[in-house]
Number of protein chains: 2
Amino acid sequence: MDKEQEILAAALKLFVEFGFHGTPTSKIAKEAGVANGTLFHYFKTKDDLIVALYNRTKETLTAHLAAQQRDGDSLEERMKSIYTASLEWGLENRPQFHFIQQFHFSPHAARISDEDKERQTRLHAGLMQQAREDNIFKPLAPELIGSLLGSHVYGTHQYLVNADLPKQERQKVIHETFALLWTMITK
Amino acid sequence: MDKEQEILAAALKLFVEFGFHGTPTSKIAKEAGVANGTLFHYFKTKDDLIVALYNRTKETLTAHLAAQQRDGDSLEERMKSIYTASLEWGLENRPQFHFIQQFHFSPHAARISDEDKERQTRLHAGLMQQAREDNIFKPLAPELIGSLLGSHVYGTHQYLVNADLPKQERQKVIHETFALLWTMITK
DNA sequence: ATTTTTATGGAGTGATCAGTCAATCTAAAA
DNA sequence: TTTTAGATTGACTGATCACTCCATAAAAAT
């Protein structure tokens, strides 16, 4: 892992544990095994580091979700695959998942460019569009469906993190909650 | 409004806008129209202020929800009343609602005492218990139902904040989303 | 081989911040 | 009226922090 990655990994770990406020850049550098100045060689400011960390983390997640998509899958299968992969990734990358939410409710959220936002939601937006064309959703605002979908993932994730079930039971919960979600939003 | 309240109100406003990191105690005091030292007369540390602000905000919300409960209401009516009141309070107190979520994903969350937690969830817990006794929920872990319930509120809130609908349409969305939720979790 | 660019280090700096403190004010109790 | 206790002030401080700067090393380009 090169130094830039080391810095990002260290920042992630410390931000989740101590918050943005509670983690000085000096501690990040130390944890990354790197000099103070090196951090600022890769990221002009601490804020830049925070935003970059968010964008890359989100990018990793979206790439993972996209990789699960199979040609020939139905819309429901595709959505279930995204839902499942989101939760599994969130459970195997808990700090990352937590950081994404932490970032979302921080003032830094406003600093994400429209371009990055578009890239990070393209996959979901595409499927939503398809679903509308196929007319399979209940007559609700698409933004509402999107919000409910997202929060359903977060809610299930929260439960799974607290419950800490064995893998098989976890799978079962993921299947069940998707079924609940699907009957909730489709006709 | 006494000085303590002024300080809490100022802190809330600034925390939501600039984050915990981005708002120095000096700015809070200034915004509250109070001297630096006065802030520390009421709150020993900045962290104490943050935690106190959370507890009082949550207390206000729970009191508001409890006040909506009517004797003789059925369980479904009671739950719908909590759901509706949560969303309406969240929309008329957006900074407060945002702060609660912001706090939830911060390291300060760990500092809430079990006692406070219990007081803040008593109302919900009671209804959940009742629902279990009446056996009206689908056979799902009660913690899962609780999580899904909470996140459903957040998801709907997020949509309503972004959509900014007139009051009547807003009411309609709240009714509809409760119906969706209710059919999702009950038998 | 030489130049240029990039990477790394770490001591140093000015600014900022959380929290202190001694002085003053207020108002109620004695 | 006098005392006492709490409220309020704002200048002050020691610590900390984000970030700079310059020296050096490594790598790339010429």
Side-chain angles (χ1 to χ4, degrees), chain A residues 1-57 95 99 102-103 105-113, chain B residues 1-57 95 99 102-103 105-113:
Chain A
M1 198 155 56
D2 66 6
K3 311 229 166 185
E4 195 178 358
Q5 292 301 319
E6 294 279 7
I7 292 168
L8 289 167
L12 177 76
K13 180 186 163 186
L14 295 171
F15 284 154
V16 167
E17 186 167 0
F18 304 109
F20 300 128
H21 169 49
T23 78
T25 52
S26 56
K27 289 256 172 63
I28 298 173
K30 201 176 211 173
E31 171 86 22
V34 140
N36 250 340
T38 305
L39 189 152
F40 289 95
H41 172 71
Y42 287 103
F43 306 98
K44 272 208 330 209
T45 69
K46 187 183 182 181
D47 279 5
D48 281 356
L49 166 61
I50 294 174
V51 171
L53 179 56
Y54 174 79
N55 277 328
R56 298 194 199 194
T57 306
F99 173 78
Q102 182 182 8
F103 182 92
F105 288 105
S106 83
H108 300 96
R111 283 201 43 195
I112 303 299
S113 71
Chain B
M1 196 155 56
D2 66 5
K3 311 229 166 187
E4 195 179 356
Q5 293 300 321
E6 294 279 6
I7 291 168
L8 288 166
L12 177 76
K13 181 186 161 188
L14 295 172
F15 284 153
V16 168
E17 188 169 357
F18 304 110
F20 301 128
H21 169 48
T23 79
T25 52
S26 56
K27 290 255 173 63
I28 298 173
K30 200 176 211 175
E31 171 85 21
V34 140
N36 249 338
T38 305
L39 189 152
F40 289 96
H41 173 70
Y42 288 103
F43 307 97
K44 272 211 326 209
T45 68
K46 187 183 182 181
D47 278 5
D48 281 356
L49 166 61
I50 294 174
V51 171
L53 179 57
Y54 174 79
N55 277 329
R56 298 194 199 194
T57 306
F99 173 76
Q102 183 182 6
F103 182 91
F105 288 105
S106 84
H108 300 95
R111 282 201 42 196
I112 302 300
S113 71

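Just so you know, these numbers use all the heavy atoms, side chains as well, and skip hydrogens, waters and symmetry mates. So you know, we letter chains A, B, ... as the sequences are listed, proteins then strands, and number each from 1. Since the model is a prediction, treat every value here as computed from it, not as a measurement.
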Rounded to 10°, tell me the angle between the two end axes of the helix from C:dA1-D:dT30 to C:dA30-D:dT1, each built from five pairs. 10°

Going by heavy atoms in the side chains, are A:L49 and A:L8 under 4.5 Å from each other? yes

Non-hydrogen side-chain atoms of B:F103 and B:I112 separated by less than 4.5 Å: yes

Contacts satisfying salt bridge (charged side-chain N to carboxylate O under 4.0 Å, His left out) that involve residues 36-57 of chain B (not counting sequence neighbours) are B:E4-B:R56, B:D48-B:R111

Of the non-hydrogen atoms in A:A35 and A:A29, which two are nearest, and what is the gap between them? O-CB, 3.9 Å

Expected string for nucleotides 12-28 of chain C under the B/S/- scheme (protein heavy atoms, under 4.0 Å, primed atoms plus P, OP1, OP2 as sugar-phosphate) is -----SBBB--------

Quick check on [N]: is either OP1 or OP2 less than 4.0 Å from any side-chain nitrogen or oxygen of [X]?
X: B:T38; N: D:dT9; result: yes
X: B:Y42; N: D:dT8; result: yes
X: B:K3; N: D:dT9; result: yes

Which residues pass the side-chain hydrogen bond (donor to acceptor under 3.5 Å, both in side chains) test with A:E6, not counting sequence neighbours? none

Do the ring planes of B:Y54 and B:F99 sit parallel (below 30°), tilted (30 to 60°) or perpendicular (above 60°)? tilted

Rounded to whole angstrom units, what separation is found between the [atom1] atom of [X] and the [atom2] atom of [N]?
X: A:I50; N: D:dC17; atom1: CD1; atom2: P; result: 14 Å
X: B:F43; N: D:dT8; atom1: CZ; atom2: P; result: 12 Å
X: A:L39; N: C:dG9; atom1: CG; atom2: P; result: 11 Å
X: A:E4; N: C:dT6; atom1: CD; atom2: P; result: 15 Å
X: B:H41; N: D:dA7; atom1: NE2; atom2: P; result: 4 Å
X: A:D2; N: D:dA26; atom1: CG; atom2: C1'; result: 15 Å
X: B:K30; N: D:dG10; atom1: NZ; atom2: C1'; result: 13 Å

Only pairs at least two apart or in different chains count here, so list each side-chain hydrogen bond (donor to acceptor under 3.5 Å, both in side chains) that has a residue in residues 15-28 of chain B. none

Please list all pairs meeting side-chain hydrogen bond (donor to acceptor under 3.5 Å, both in side chains) that have one or both residues in residues 29-40 of chain A, counting only residues at least two apart or in different chains. A:K13-A:E31

Kindly state each residue pair satisfying ring-ring contact (aromatic ring centres under 6.0 Å, His included) with at least one member in residues 23-43 of chain A, sequence neighbours excluded. none

